[in-house]
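Please read these numbers as outputs of a predicted model, since none were measured by experiment.
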Amino acid sequence: MIGGLRRMQSTGRKLLSWINSPSEKHGIRFTADRRSWDFWSYQRLSDLSHRVAAGLVANGVSAGDVVSIVERSSPHFVATLFGTMLAGATPSPIAPPMTFGDQETYAEHVAGLLTVSQPALVVTDSDLAAPTSELTGRLGLRPPVPVTELADTPGSVPDRPLAPAALLQFTSGSSGRARGVRVPYRALESNVEAIRRWLRMTEEDVTASWLPVHHDMGLIGCLITPMVNRSEIWLMQPEDFIRDPARFLRCFGEDGARLTAMPTFGLRYATRRVRPKALANCDFSEWRAVIVGAERISPEALDGFTELLAPYGFRRRALLPAYGLAEATLAATGLPLAEEWRGLRVDPTSVELGGIVGEDSSGRQLAGCGRPVDGVTVRILGPDDTPLPEGHVGEIELCGDSVAEGYASVESSDSLTCLSDGVLRTGDAGFLSDGQLFVLGRLGDALKIRGRSLFAEDLEVALNTTVNVPEERMAVVLGERGGTPTAVAVMERAQPDWLTGAEPLLRQLTEGADVAVIDAPPGTIPRTSSGKPKRRSLWRSFLHGDLPEAAPPQTASAAPATTGGSDD
């Protein structure tokens, strides 16, 4: 079964080296129940990966095919991921249905992904085969095969070259439909090595994660990278973290974990849900890195997390804000170890593409996202696509070995992110200061007001800090309706004082734009797996009249609020 490894070209060798000489000492601990863990050594995982690879070949998977993986975080997911690579095919992880509250939304989402990827086979957990088969049947694809069936199929792995792409991973879909990104082996290996060097990883650096393994931060940052590093992993299901975030923290305070990554949501959730008494026996002094990314980084969330854990030895410099995206494989920038994160207060009224960013002690605080990781170059481009010096606002552009090859589909997308000849135009606005990248927001989620750019994130920060609307209960979308600049604030189960305070504040900040403040039921705001609002989807719902009516103006002098219409 190891014949396939002997023919590996130089590209891919590092990525699969753990399979060639697997460790019995190190491996992955998976949550077994609410208290115990199930340890799988890398030797055991290597054996299972070879069995799954043989099963894929026996089921007709050819070299270069795509295999879609609809599985939970588990030994079988790991084996299917790497077994697909061993079979010379490209793995494409997809979220299992329990990550979505609404099953119709989930079915539509997965149907879109499968339409793009056109897999030769869909592999699932045994209990997910039946619901997944309805989707594959509707799309004219083969019925899904349970991973346990693959692992029990006799056979061997033929001598095949590796697939052109190591991964077909999907974007979060925050600015439109999720797009399939082809990540070649050279890009994945380059990014994994850059992360290892950034964090100075050794085999004794244990990683713990609750992130979903279908998302690039969880998949590459907290699974593939530590596996290539041959270090130990503690891997929780996302729902286990939601149920008991203190259990995750105890991986660091009691079990020796040192490295992790999570979005701002995770910091806020742990800070809100964990009581000090649950950490009584914890020592976080050896916790080296919490990479924070995947969504807008909240300085307040960084401070709150530090305040919760500092009495037990946690150090502020362990928080490492970062910036990345699927088209960059994962990491593009990150704060170096032992350097404390810093914030800059920016005056939103001074933000003009191509202009110098204005600092203001009363403005919005931004957390720096660190410096480019090895092999990545960051430039800030002005409106005429010329590079700008530090302190000037423009579009963030990336290039380097970690940049992905391209998209799996040429279909049109709402996203401004584009790939061409190894250059990634991110569609994000930001600036550099002292070598650090500061991100302002999506260019597609901004309005031009008197020559300056106003970002949806600016308005959400204002609603949070001035009107006390929780970030997880709202989203702001911006655009033009009927040629008129329009700002829409959607709040789930809004309290009366939120509605009273939101409209005049938004009218003041948007300077004459139409304003709609909408009180909506829970679940109205579509979000990605990392918690980011899907703004373009929400904007379309507003235009098509699919949202509740806007709340009436709260003051007699206020101009009438707009409601959802049908103009595009």
Side-chain angles (χ1 to χ4, degrees), residues 66-73 77 80 90-119 121-125 127-144 167-182 211-219 237-239 242 263 265 294-295 325-327 407-415 417 444 475 477 490 492 520-542 544 546-547:
V66 171
V67 174
S68 294
I69 306 171
V70 187
E71 298 176 22
R72 303 177 184 87
S73 303
F77 175 88
T80 309
T90 298
S92 181
I94 293 176
M98 58 284 303
T99 58
F100 281 68
D102 180 67
Q103 293 308 300
E104 284 190 21
T105 302
Y106 174 76
E108 180 182 356
H109 169 75
V110 173
L113 305 190
L114 295 177
T115 299
V116 170
S117 60
Q118 288 295 299
L121 195 65
V122 178
V123 181
T124 70
D125 291 323
D127 61 329
L128 301 180
T132 306
S133 65
E134 296 180 14
L135 289 174
T136 56
R138 192 187 313 166
L139 298 172
L141 300 173
R142 289 176 58 184
L167 289 173
L168 176 60
Q169 65 177 2
F170 285 89
T171 64
S172 63
S174 61
S175 56
R177 288 187 178 182
R179 305 168 79 182
V181 179
R182 295 193 305 270
L211 296 176
V213 289
H214 66 272
H215 185 270
D216 53 5
M217 181 181 271
L219 176 66
Q237 302 285 352
E239 55 267 31
I242 296 301
F265 154 77
E295 61 179 359
L325 58 169
E327 290 90 341
Y407 294 106
S409 173
V410 295
E411 290 183 2
S412 61
S413 170
D414 291 334
S415 176
T417 307
V477 290
V490 180
E492 294 180 342
T524 298
I525 300 171
R527 295 186 181 275
T528 69
S529 59
S530 61
K532 292 182 288 189
K534 294 186 175 183
R535 299 188 199 277
R536 292 302 90 194
S537 176
L538 191 60
W539 174 253
R540 285 193 294 270
S541 294
F542 170 71
H544 297 156
D546 296 333
L547 299 178

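Considering Val67, Val181, Thr90, Leu113 as possible partners of Leu168, the one that fulfils the side-chain contact (heavy atoms from CB on, under 4.5 Å) test is Thr90. For the pairing with Val110, the side-chain contact (heavy atoms from CB on, under 4.5 Å) check across Thr115, Val122, Leu135 returns one residue only, Leu135.
No side-chain heavy atom of Val213 sits less than 4.5 Å from a side-chain heavy atom of Arg72. Side chains of Arg142 and Leu121 form a contact here, defined as non-hydrogen atoms less than 4.5 Å apart. Residues Leu538 and Pro526 meet the side-chain proximity criterion, which asks for heavy atoms closer than 4.5 Å.
Listed by chain and residue number, nothing satisfies the side-chain hydrogen bond (donor to acceptor under 3.5 Å, both in side chains) test with Gln169 (two or more places apart in sequence, or in another chain). For Thr524, the side-chain contact (heavy atoms from CB on, under 4.5 Å) test picks out Val490, Glu492, Ala520, Pro521, Leu547, with sequence neighbours left out.
With Thr132 contributing its side chain and Ala129 its backbone, the two residues share no donor-acceptor pair below 3.5 Å. Within the 3.5 Å criterion, the main-chain N or O of Met217 finds a donor-acceptor partner in the side chain of His215. Using a distance-only test at 3.5 Å, with no hydrogens or angles considered, a donor-acceptor pair links the side chain of Arg182 to the main chain of Tyr407.
Of all the heavy atoms in Ile242 and Phe265, the pair that sits closest is CD1-CZ, 3.7 Å. Smallest separation of non-hydrogen atoms from Leu128 and Pro97: CD2-CG, 3.7 Å. The minimum heavy-atom distance between His214 and Pro93, with the atom names listed, is CA-CB, 3.8 Å. Summarising the geometry of Pro96 relative to Val70, their closest heavy-atom pair is CA-CG1, 4.0 Å, with the distance given to 0.1 Å. In this structure, Pro144 and Thr124 approach most closely via the heavy-atom pair CB-CG2, 3.7 Å. Across Phe170 and Ser92, no two heavy atoms sit closer than the pair CE1-OG, 3.4 Å.
Side-chain atoms of Thr417 and Glu327 include no donor-acceptor pair closer than 3.5 Å.
Ser117 OG to Leu141 CG: the interatomic distance, rounded to the nearest 0.5 Å, is 7.5 Å. The CG atom of Leu167 sits 10.0 Å away from the CG atom of Asp216 when rounded to the nearest 0.5 Å. Rounded to the nearest 0.5 Å, atoms CZ (Arg540) and CG (Asp546) are 11.0 Å apart.
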